[in-house]
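Scroll down for the structure; my scribbles are underneath it.
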Number of protein chains: 2
Amino acid sequence: MLKHKHNHDECIESALEAAQKICEERETRFTPLRRRVLELVWSKHQPITAYEVLDLLSEGQKRVAPPTVYRALDFLIEEGFVHRIESLNAFVGCSDPEHKHQGHFMICTKCSNVTEMNEKSLHDVIKKAAKENGYTYENSILEIAGVCENCRN
Amino acid sequence: MLKHKHNHDECIESALEAAQKICEERETRFTPLRRRVLELVWSKHQPITAYEVLDLLSEGQKRVAPPTVYRALDFLIEEGFVHRIESLNAFVGCSDPEHKHQGHFMICTKCSNVTEMNEKSLHDVIKKAAKENGYTYENSILEIAGVCENCRN
DNA sequence: TGATGGGTTGATATTTTATAACAATCAGGG
DNA sequence: CCCTGATTGTTATAAAATATCAACCCATCA
Ligand SMILES: [Zn+2]
Ligand SMILES: [Zn+2]
Ligand SMILES: [Zn+2]
Ligand SMILES: [Zn+2]
């Protein structure tokens, strides 16, 4: 179902490394828990709910409580490593953590895969629309539902 | 706080009339409950939560249960009279119920007022972005957070 | 008329998602 | 080591939404 085949382990690994590096630069704490939660978010190359993360995190150990997961997710979102998909109440790893932003996504209604769009032009159009309506732009969420290339075939 | 001063009673009344008319055309049932819920959604010219609607609906009578409200909201959303604001878990009346669409909104982070944008150009850009990424467009939500003109002054 | 059936609403219980509040623990600086 | 602030653990609860089945309404038609 993945849009492009790739070695997903590498994919996770590089996300973790990037996060680690950014935290060092910012002097924020990439603790084992936060690292593990980020790994779990990435583990399912699809949006994952907080309680799914909770279940995975609890495997083979005492069950953790919701705040543990939500606090870690809050941190990861704050740092820009994870986005929340509002229309799904779910979370995905960010494909471009170096540059803080709120995400713009396309969500396949057949396979649930999500594609993050990092397109400056789209971002600019949205900013412009806000300005034209008299708003000072802060940030935005865009979630497009549709059918992905794979699922059409 | 309202962007433009207006007689809000008239505003509500016209929304109800429009809904009534559209339901007659579509032969869907604009029941007293649905009418009342739409009225309550409009009553607060700002996003309103399902449970706020529930509280208002329950005033002076036996308390209604959540499904009553959610079912009415589902109908109103389905008919395009109401939009859900995903980032707020709240609902607003649609400013253009004649033409079914998912809403594109700007949300003031100071006063919580919401402005619906019915701009074809923006809609087109979003559709185009979906297409360029290989998705067959179905619909989209756009929620821009910012500060409105009033609140800046 | 009154049986039938679809759509709507009522009622009860539960699930899903998220947060509040406070205690325990940990990591770094004096 | 002791203090401090950040992080994590723990318990309880709030907020948002849905599942299920019963009751009701009302148009159709036998
Ligand atoms: Zn991103
Ligand atoms: Zn797909
Ligand atoms: Zn609308
Ligand atoms: Zn404002």
Side-chain angles (χ1 to χ4, degrees), chain A residues 19-20 23-24 26-41 44 46-79 81-92 112 141 143, chain B residues 19-20 23-24 26-41 44 46-79 81-92 112 141 143:
Chain A
Q20 174 103 42
C23 284
E24 278 164 17
R26 294 180 187 159
E27 297 186 41
T28 54
R29 295 181 51 195
F30 195 52
T31 64
L33 175 64
R34 290 166 175 174
R35 181 188 182 88
R36 178 74 179 129
V37 169
L38 180 57
E39 187 180 13
L40 292 172
V41 168
K44 189 190 160 187
Q46 279 192 348
I48 188 169
T49 70
Y51 279 76
E52 284 175 330
V53 171
L54 198 162
D55 288 343
L56 292 171
L57 190 56
S58 300
E59 277 179 6
Q61 62 160 96
K62 186 156 184 277
R63 185 167 181 81
V64 303
T68 301
V69 170
Y70 279 101
R71 284 188 296 226
L73 287 171
D74 286 347
F75 172 86
L76 297 171
I77 289 167
E78 180 64 31
E79 294 293 326
F81 304 153
V82 164
H83 295 294
R84 180 167 203 280
I85 311 281
E86 297 291 341
S87 60
L88 301 176
N89 291 345
F91 303 85
V92 285
S112 299
I141 66 172
E143 296 172 14
Chain B
Q20 175 103 43
C23 284
E24 278 164 16
R26 294 181 187 160
E27 299 185 41
T28 54
R29 297 183 52 195
F30 196 52
T31 64
L33 174 65
R34 289 167 176 175
R35 181 187 183 87
R36 179 72 179 130
V37 169
L38 181 56
E39 189 180 12
L40 292 172
V41 168
K44 191 188 159 189
Q46 279 191 349
I48 188 170
T49 70
Y51 280 76
E52 285 175 329
V53 171
L54 198 161
D55 289 343
L56 293 171
L57 189 56
S58 300
E59 278 179 7
Q61 63 159 94
K62 185 156 184 278
R63 184 167 182 81
V64 303
T68 300
V69 170
Y70 279 101
R71 283 187 297 226
L73 288 171
D74 286 346
F75 172 84
L76 297 171
I77 289 167
E78 180 64 30
E79 293 294 326
F81 304 153
V82 165
H83 295 294
R84 180 166 204 280
I85 311 280
E86 297 292 341
S87 60
L88 301 176
N89 290 348
F91 303 84
V92 286
S112 298
I141 67 174
E143 297 172 16

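We name chains A, B, ... by the order of the sequence lines, and we start the count at 1 in each one.
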Could you pull out all residues at least two apart from Arg71(B) that satisfy side chain to side chain donor-acceptor pair (under 3.5 Å)?
-> none
Is a donor-acceptor contact shorter than 3.5 angstrom present between the side chain of Tyr51(B) and the base of dA15(D)?
-> no
Between [X] ([atom1]) and [N] ([atom2]), how many Å, whole number?
X        : N       : atom1 : atom2 : answer
Leu54(A) : dT8(D)  : CG    : C1'   : 14 Å
Phe30(A) : dT7(D)  : CZ    : P     : 13 Å
Leu88(A) : dA16(D) : CG    : P     : 18 Å
Arg35(B) : dT9(C)  : CZ    : C1'   : 19 Å
Arg26(B) : dG7(C)  : CZ    : C1'   : 18 Å
Arg34(A) : dC26(C) : CZ    : C1'   : 13 Å
Arg36(A) : dT8(D)  : CZ    : P     : 15 Å
Glu27(A) : dT7(D)  : CD    : P     : 13 Å

Give every residue pair that meets the side-chain hydrogen bond (donor to acceptor under 3.5 Å, both in side chains) criterion with at least one member in residues 52-62 of chain A, sequence neighbours excluded.
-> Lys44(A)-Glu52(A), Asp55(A)-Arg63(A)
5'-most contact on DNA chain D: Thr31(A) or Asn89(A), nearest heavy atom basis?
-> Thr31(A)
By nearest nucleotide on DNA chain C, pick out whichever of Tyr70(A) and Pro32(B) is the more 5' one.
-> Pro32(B)
Closer to the 5' end of DNA chain C via nearest nucleotide, is it Ala72(B) or Asp74(A)?
-> Ala72(B)
Heavy-atom contacts under 4.0 Å between residues 58-66 of chain A and DNA chain D, which residues?
-> Lys62(A), Ala65(A)
side-chain contact (heavy atoms from CB on, under 4.5 Å) against Thr28(A), all qualifying residues, sequence neighbours excluded = Cys23(A), Arg26(A), Phe75(A), Glu79(A)
Residues in side-chain contact (heavy atoms from CB on, under 4.5 Å) with Glu39(B), at least two apart?
-> Ile12(B), Leu16(B), Arg36(B)
Distance check: side-chain N/O of Thr49(A) vs OP1/OP2 of dT16(C), anything under 4.0 Å?
-> no
With respect to the phosphate group of dT10(D), does any side-chain polar atom (N or O) of Thr68(A) fall under 4.0 Å of OP1 or OP2?
-> no
Would you indicate whether the side-chain heavy atoms of Ile77(A) and Phe91(A) approach each other to under 4.5 Å?
-> yes
Restricting to non-hydrogen atoms, name the atom on [X] and the atom on [Y] that form the minimum distance, rounded to 0.1 Å.
X         : Y        : answer
Val92(A)  : Val41(A) : C-CG1, 3.7 Å
Asn89(B)  : Thr49(B) : O-CG2, 3.9 Å
Ser112(A) : Pro47(A) : O-CD, 3.4 Å

Taking N or O atoms only and anything under 3.5 Å, show me the protein contacts with nucleotides 20-29 of chain D, one pair per line.
none

Gln20(B) CD: over 12 foreign heavy atoms closer than 6.0 Å | yes
